[in-house]
Undergrad: 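For reference, the structure I am asking about is given below.
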Amino acid sequence: NLKSVVSMDRPCFYVLANTRALPEAEAVARAEEIGRNLAAAAKDAGLGPLTSVVSRGDSTLRGHYPAETDAIARGLGWGVPGSGVAAPTIILAPFFKEGGRLTAGDLHYVAGPPGSAA
C-alpha cells in the first residue's frame, strides 16, 4: 500500500517501474500513473504535496528522458497551470563508479573490460 509506505518515518523508498524496457508511450503512461499515485498517497496520508522525488535512470543514459521525468511531474501536479506547484528542477548525474561510467566535459564515458582499449 503506497499510502502506508509514504507515511513511514523513512528518508526515502524505491518504486521499481522498469520503464526502460517499455516503448516510450507506455513508459510515459506508467511514469505519470506513478506520479498520480504518489500525489494521492501523500494527500491521503496528510503529508500535503510532495516537494521532491528522485527518478533514477540508467547510468548510460538509455531510457526515455525527458519524457519520463516530465510525466512524473505531470502526475504529481508539478508545473501544471493552476496547481500552485512550480515545475521541477531536474539534475542529471550520470555516474556509476563500479561500472566505469561517468560524464565529464559534456562527454559520457563507459569503461571497457580490463585490458581493452575502450
Undergrad: Does anything in residues 93-107 form a side chain to side chain donor-acceptor pair (under 3.5 Å)? List the pairs, not counting sequence neighbours.
TA: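 Qualifying pairs: Ser59-Arg101, Thr103-His108.
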Undergrad: Are Leu47 and Val5 joined in one hydrophobic group, where the rule is that I, L, V, M, F, W and Y side chains link up if heavy atoms are under 4.5 Å apart?
TA: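 In one cluster with Leu47: Val5, yes.
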Undergrad: What donor-acceptor contacts under 3.5 angstrom involve side-chain atoms of residues 31-40, with partners at least two apart or in another chain?
TA:
residue : atom : partner : partner atom : Å
Glu32   : OE1  : Arg74   : NE           : 3.2
Glu32   : OE1  : Arg74   : NH2          : 3.3
Asn37   : ND2  : Glu33   : O            : 3.4

Undergrad: Indicate, with yes or no, if Leu50 and Val80 share a hydrophobic cluster defined by side-chain heavy-atom contacts under 4.5 Å among Ile, Leu, Val, Met, Phe, Trp and Tyr.
TA: no
Undergrad: Output every pair passing side chain to side chain donor-acceptor pair (under 3.5 Å) with a member in residues 14-25, not counting sequence neighbours, ordered by first then second residue.
TA: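 Pairs touching residues 14-25 that pass the test: Thr19-Glu68, Arg20-Asp58.
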Undergrad: With the 4.5 Å side-chain cut-off for hydrophobic clustering, are Leu92 and Phe95 part of the same group?
TA: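 Each belongs to a different hydrophobic cluster.
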Undergrad: Out of Val53, Thr89, Asp70, Thr51, which residue meets the side-chain contact (heavy atoms from CB on, under 4.5 Å) rule with Trp78?
TA: Val53
Undergrad: What heavy-atom pair brings Gly77 and Val85 nearest, and what distance separates the two atoms?
TA: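 Shortest heavy-atom separation between Gly77 and Val85 comes out as O-CB, 4.0 Å.
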Undergrad: Calculate, to the nearest 0.5 Å, the distance between atoms NZ and NZ belonging to Lys3 and Lys43 respectively.
TA: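 Atom-to-atom, Lys3:NZ and Lys43:NZ are 12.0 Å apart.
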Undergrad: Would you give the length of the straight line joining atom CD1 of Ile91 to atom OG of Ser55, rounded to the nearest 0.5 angstrom?
TA: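 These two atoms lie 12.5 Å from each other.
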Undergrad: Going hydrophobic residue to hydrophobic residue with side-chain gaps under 4.5 angstrom, can you get from Leu107 over to Leu102?
TA: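 In one cluster with Leu107: Leu102, yes.
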Undergrad: Same cluster or not: are Tyr109 and Phe96 linked, directly or through other Ile, Leu, Val, Met, Phe, Trp or Tyr residues, by side-chain heavy atoms under 4.5 angstrom apart?
TA: no
Undergrad: Is there a side-chain contact (heavy atoms from CB on, under 4.5 Å) between Ile90 and Tyr65 once you walk through the steps?
TA: CA-CA 11 Å; Ile90 297 176; Tyr65 176 82; 3.7 Å; yes
Undergrad: For Ala67 and Val28, which heavy atoms make the closest approach, and how far apart are they?
TA: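 Nearest heavy atoms, Ala67 then Val28: CB-CG2, 3.6 Å.
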